[in-house]
Amino acid sequence: MATLRLGDTAPDFTAVTSEGTLNFYEYLGDSWGILFSHPADFTPVCTTELGTAAKFKDEFDKRNVKMMALSVDGAASHMEWIKDINETQNTKVNFPIVADVERKVSDLYDMIHPNADDTLTVRSVFIVGPDKKIKLTLTYPASTGRNFYELLRVVDSLQLTANHKVATPANWKNGEKVVVSPSIPTEEAKGIFTKGVEEIKPYLRLTPDPTI
């Protein structure tokens, strides 16, 4: 199928997972979602990633984000692998891992890149909004583990900019100044952003985080 793009509707699916058979849309409900794939069970980088994701769950919960992982191995394999993850990463896996043996979900989300590997999924990340639209995609090679601090940062930006007429600048972190949307004239912006508007250039205006 065609590559999924920002703004596309995230394909729904029902699949066997480490927490039983789940429907993706029902699992997400009104929450945001992160779907991320792993090349295979019992692999070193994936083991550190899933352990890290488990440790970050409280932070994602605060942001109303539900996680779901995926590997092309089966549910029985996942359950054995989870024991290793819990042991080696000193945590407890607390989100479902899709058993995508038939690669149905991998194909839906174009997670297998044949020029990298024609059988294993790449490290794909899809952030899905409550409207079930894709808000962000990231693709890492199998050799590079993901940065979960960056995923939190992206969620903070997505949620802030969904509700306010702002954008977030390079290396922005939650609570820092944000960029006023270019579509808003400066005088109008001063009325909207009452904490102040700093005009660096007519097209580059900064304002304090409107949520603080």
Side-chain angles (χ1 to χ4, degrees), residues 10-29 31-113 116-128 134-156 158:
D12 193 17
F13 59 85
T14 299
V16 175
T17 79
S18 57
E19 297 184 1
T21 300
L22 294 175
N23 174 266
F24 187 48
Y25 278 15
E26 290 177 3
Y27 172 71
L28 292 183
S31 299
W32 290 69
I34 294 183
L35 176 65
F36 55 110
S37 58
H38 297 269
D41 292 1
F42 301 103
T43 51
V45 176
C46 299
T47 299
T48 65
E49 285 191 321
L50 288 175
T52 300
K55 293 174 182 176
F56 272 66
K57 186 174 184 296
D58 286 347
E59 289 299 321
F60 285 115
D61 285 347
K62 289 177 188 176
R63 295 160 171 81
N64 191 30
V65 179
K66 291 183 177 179
M67 293 186 290
M68 180 178 280
L70 175 147
S71 165
V72 293
D73 294 305
S77 174
H78 287 355
M79 299 310 294
E80 290 302 311
W81 184 31
I82 286 170
K83 294 176 185 177
D84 281 4
I85 297 166
N86 292 343
E87 175 192 347
T88 63
Q89 306 304 304
N90 192 29
T91 189
K92 181 177 175 59
V93 172
N94 42 24
F95 53 88
I97 306 173
V98 173
D100 195 32
V101 177
E102 297 179 357
R103 303 191 182 106
K104 291 181 178 178
V105 181
S106 301
D107 287 342
L108 269 181
Y109 280 81
D110 194 26
M111 291 172 167
I112 294 177
H113 294 193
D117 191 301
D118 60 4
T119 58
L120 302 180
T121 53
V122 292
R123 297 186 195 284
S124 297
V125 181
F126 295 89
I127 296 183
V128 180
I134 293 173
K135 307 299 183 182
L136 175 134
T137 64
L138 285 169
T139 303
Y140 295 76
S143 56
T144 302
R146 282 163 281 217
N147 185 328
F148 283 82
Y149 291 104
E150 169 64 4
L151 294 182
L152 276 183
R153 190 188 78 88
V154 165
V155 167
D156 285 338
L158 289 169

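Everything quoted here is computed from the prediction, not taken from an experiment.
When the salt bridge (Lys or Arg N to Asp or Glu O under 4.0 Å) test is applied to Arg63, the partners found at least two apart in sequence or on another chain are Glu59, Asp156. With sequence neighbours left out, Glu150 forms a side chain to side chain donor-acceptor pair (under 3.5 Å) with Arg153. Under the ring-ring contact (aromatic ring centres under 6.0 Å, His included) criterion, Phe126 pairs with Tyr109, sequence neighbours left out. Listed by chain and residue number, nothing satisfies the side chain to side chain donor-acceptor pair (under 3.5 Å) test with Thr48 (two or more places apart in sequence, or in another chain). Residues that satisfy the ring-ring contact (aromatic ring centres under 6.0 Å, His included) test with Tyr25, not counting sequence neighbours, are absent from this structure. By the side chain to side chain donor-acceptor pair (under 3.5 Å) test, Lys66 is found to be paired with no residue, residues two or more places apart in sequence or in another chain being considered.
Across all their heavy atoms, Ile97 and Ser71 have their closest contact at CG2-N, 4.4 Å. The heavy-atom pair separating Met111 from Leu70 by the smallest distance is SD-CD2, 4.0 Å. Scanning both residues, Glu49 and Thr144, for their nearest heavy atoms gives OE2-O, 4.4 Å. The heavy-atom pair separating Phe95 from Ala69 by the smallest distance is CE1-CB, 3.9 Å. In plain terms, the two heavy atoms of Leu28 and Gly33 that are nearest each other are CD2-CA, 3.6 Å. Residues Ala75 and Thr17 come closest through the heavy atom pair CB-O, 4.4 Å.
The aromatic rings of Phe36 and Phe148 lie perpendicular to each other, with more than 60° between the two planes, well past the 30° mark.
To the nearest 0.5 angstrom, Ile82 atom CD1 is 11.5 Å from Thr91 atom OG1. Here CG of Leu138 is found 7.0 Å from CD1 of Ile127. Values are rounded to the nearest 0.5 Å. The distance from the CE atom of Met68 to the CD atom of Glu19 is 8.0 Å, given to the nearest 0.5 Å. Note that CG of Asn23 is 4.0 Å distant from OG1 of Thr14, once rounded to the nearest 0.5 Å.
Within the 4.5 Å cutoff, side-chain heavy atoms of Leu151 are placed close to those of Phe60. Under the 4.5 Å side-chain criterion, counting only non-hydrogen atoms from C-beta, Pro39 is in contact with Cys46. Residues Val45 and Arg123 form a side-chain contact, since some pair of their non-hydrogen atoms from C-beta on lies under 4.5 Å apart. In this structure, Phe13 and Leu35 have side chains that are in contact, with non-hydrogen atoms separated by less than 4.5 Å. Between Ser18 and Val93 there is no side-chain heavy-atom pair separated by less than 4.5 Å.
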Run the side chain to side chain contact (heavy atoms under 4.5 Å, CB included) check on Arg146 and His38 step by step: do they pass?
-> CA-CA 11 Å; Arg146 282 163 281 217; His38 297 269; 3.3 Å; yes
Quick one: do Leu158 and Trp32 satisfy side chain to side chain contact (heavy atoms under 4.5 Å, CB included)? Show the steps, please.
-> CA-CA 10 Å; Leu158 289 169; Trp32 290 69; 3.9 Å; yes
Residues Phe56, Met67; criterion side chain to side chain contact (heavy atoms under 4.5 Å, CB included); working and verdict | CA-CA 10 Å; Phe56 272 66; Met67 293 186 290; 5.6 Å; no
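Side-chain contact, Thr43 with Trp81: no donor N or O sits under 3.5 Å from an acceptor N or O. Defined by atom type and a distance below 3.5 Å, a donor-acceptor pair is present between the side-chain atoms of His78 and Asp41.
Using a 4.0 Å cut-off between a side-chain N of Lys or Arg and a carboxylate O of Asp or Glu, Lys104 and Asp100 do not qualify as a salt bridge.
Within 6.0 Å of OH on Tyr149 lie no more than 12 heavy atoms contributed by other residues, nucleotides or ligands.
Side chain of Ser37 to main chain of Ser124: a donor-acceptor pair is present (N/O by atom type, distance under 3.5 Å, no hydrogens or angles). Using a distance-only test at 3.5 Å, with no hydrogens or angles considered, no donor-acceptor pair links the side chain of Asp73 to the main chain of Ala40.
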